[in-house]
Amino acid sequence: MIKTTAMNEVQVRTVMEEYIGKRKVAKVTEEILEVMQEESKHTHKGKAFYIHTDEAGALVLTAESVIEGQVKQILTSWLEDDEVEDCLRQLMGEHPVNSDVGFETIMVEGSGSGYYTELMKHTPQNDRERDFMKTLEVAINSKVESFRVPVNDPSIDMNGKLQFVSGFKPAVGYSYNELEKLAKENGVHLGTKNEYCLFLGTIIIRLMAEGWSENDAWKAVCCDSKKLGHYSNSEDAKNDFEPTGSRMIAGKCDLANAYKILAKDEKAGGFWLAGGFCNCDGYVIPLAGLDLNNDCDNHCNYGVGWFVL
């Protein structure tokens, strides 16, 4: 079972400073934290639930958060109407099932949001962390807009369409050109290298919100990701792909299990394969690992398209 605690004071303060500046931020941060700390999120077998204390002091379990409305009330008294929803999304950290797309996603904040400010203060512990910090800095300076990532990896339904649901074999075995065609037909696109770096930055922030230390979260993403997804050296590893919707952590399922195929990078001269997969021999590539490939017609039997919207 995984417990997700509320955002810490620094994270809440960073978000709120973007909206109201430093003069009043301490008071608002205190109000928001007081509410957020009354509830904890837990995940069991891929399903999320929430526990909070009622007025009588008893613990109550619910399928949905009961504090989101309270946080929204606080924001409404401090922010303009058109700012409330965006700020609330950043504070709550999750993007719910979206009626426009019909599947669950998580929001990745754009590079200009200030969301990654504290992350960039990290002192790298080794070359891999230093390399990722450099690529993350490039992404932050590239003016990437906010986007959404499906919680589950893609699979294919009976009509040959993309779906992002639990319990299916991931959609491996497609070439880059075929994935681009699938993306256009299904209203999504292959995420770029910069988007993927911001996504991993979001994962690190979420891990720390779940109680991981800063160093452990960075190490898990950049150096040794076996606790984050399905690798040959992960606990309870299989000899084949796990079904989609497996091993949820930091709000995302299917980290690793299959390579993630990113969008074509014209400057680099190919497209990127990100992370590792479930049954590789020898060196296990961490989530931050990136490998350039230029064969757009070759079928990748170990990778899925990393689709975003």
Side-chain angles (χ1 to χ4, degrees), residues 1-44 47-101 104-110 112-119 145-149 151 198-199 201-212 217 248-252:
M1 183 180 294
I2 299 169
K3 176 181 177 181
T4 304
T5 57
M7 294 177 76
N8 63 39
E9 181 178 354
V10 173
Q11 292 168 321
V12 174
R13 181 185 290 270
T14 299
V15 172
M16 295 312 303
E17 280 183 357
E18 178 186 351
Y19 292 90
I20 62 176
K22 295 183 178 180
R23 187 167 62 86
K24 299 178 181 178
V25 74
K27 179 176 175 55
V28 184
T29 297
E30 183 178 350
E31 289 183 37
I32 293 171
L33 283 173
E34 185 176 351
V35 171
M36 295 180 79
Q37 289 170 355
E38 293 177 355
E39 179 180 82
S40 60
K41 178 184 174 183
H42 302 256
T43 302
H44 181 60
K47 296 186 180 296
F49 61 93
Y50 302 83
I51 296 177
H52 68 278
T53 305
D54 66 13
E55 295 179 356
L59 294 177
V60 179
L61 185 151
T62 58
E64 297 182 355
S65 172
V66 299
I67 66 167
E68 185 168 339
Q70 299 173 49
V71 174
K72 186 174 182 178
Q73 275 189 325
I74 296 172
L75 297 179
T76 301
S77 65
W78 288 93
L79 306 182
E80 299 295 329
D81 290 346
D82 60 352
E83 296 176 323
V84 171
E85 290 297 332
D86 182 63
C87 183
L88 181 67
R89 185 176 66 243
Q90 292 190 55
L91 291 172
M92 300 309 294
E94 297 281 349
H95 195 292
V97 175
N98 185 285
S99 58
D100 294 334
V101 297
E104 192 175 2
T105 64
I106 62 172
M107 176 62 70
V108 176
E109 296 299 330
S113 71
Y115 186 63
Y116 308 98
T117 303
E118 290 299 314
L119 197 65
E145 298 292 329
S146 298
F147 61 96
R148 286 176 284 157
V149 181
V151 168
L198 293 185
F199 166 70
T202 300
I203 293 297
I204 292 174
I205 292 170
R206 283 168 168 253
L207 288 173
M208 290 191 290
E210 290 185 352
W212 289 57
M248 177 181 278
I249 190 164
K252 181 72 174 76

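Here Thr76 contributes atom OG1 and Asp81 contributes atom CG; the two are 7.5 Å apart, rounded to the nearest 0.5 Å. If you take CD1 on Ile205 and CD on Glu118, they are separated by 9.5 Å, rounding to the nearest 0.5 Å. To the nearest 0.5 Å, the span separating CD on Gln70 from CD on Glu34 amounts to 10.0 Å. Once rounded to the nearest 0.5 Å, the distance linking CD of Gln73 with CG of Leu75 reads 10.5 Å. For the atom pair CD of Glu104 and CZ of Arg148, the computed distance is 12.0 Å after rounding to the nearest 0.5 Å.
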Practice task
Verify side-chain contact (heavy atoms from CB on, under 4.5 Å) between Phe199 and Ile106, making sure each step is shown before the conclusion.
Solution key: CA-CA 10 Å; Phe199 166 70; Ile106 62 172; 4.1 Å; yes
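Looking at every heavy atom in both residues, Ile204 comes nearest to Leu119 through CG2-CD1, 3.5 Å. When all heavy atoms of Met107 and Thr202 are compared, the pair lying nearest together is O-CG2, 4.3 Å. Of all the heavy atoms in Leu198 and Glu109, the pair that sits closest is CD1-O, 3.9 Å. The shortest heavy-atom contact between Ala250 and Leu207 is CB-CD2, 4.2 Å. Closest heavy-atom contact between Met16 and Cys87: SD-SG, 3.6 Å. Nearest heavy-atom pair across Ser146 and Gly110 is OG-N, 2.9 Å.
Side-chain atoms of Ile249 and Trp212, non-hydrogen and from C-beta on, do get closer than 4.5 Å to each other.
By the side chain to side chain donor-acceptor pair (under 3.5 Å) test, Lys72 is found to be paired with Glu85, residues two or more places apart in sequence or in another chain being considered.
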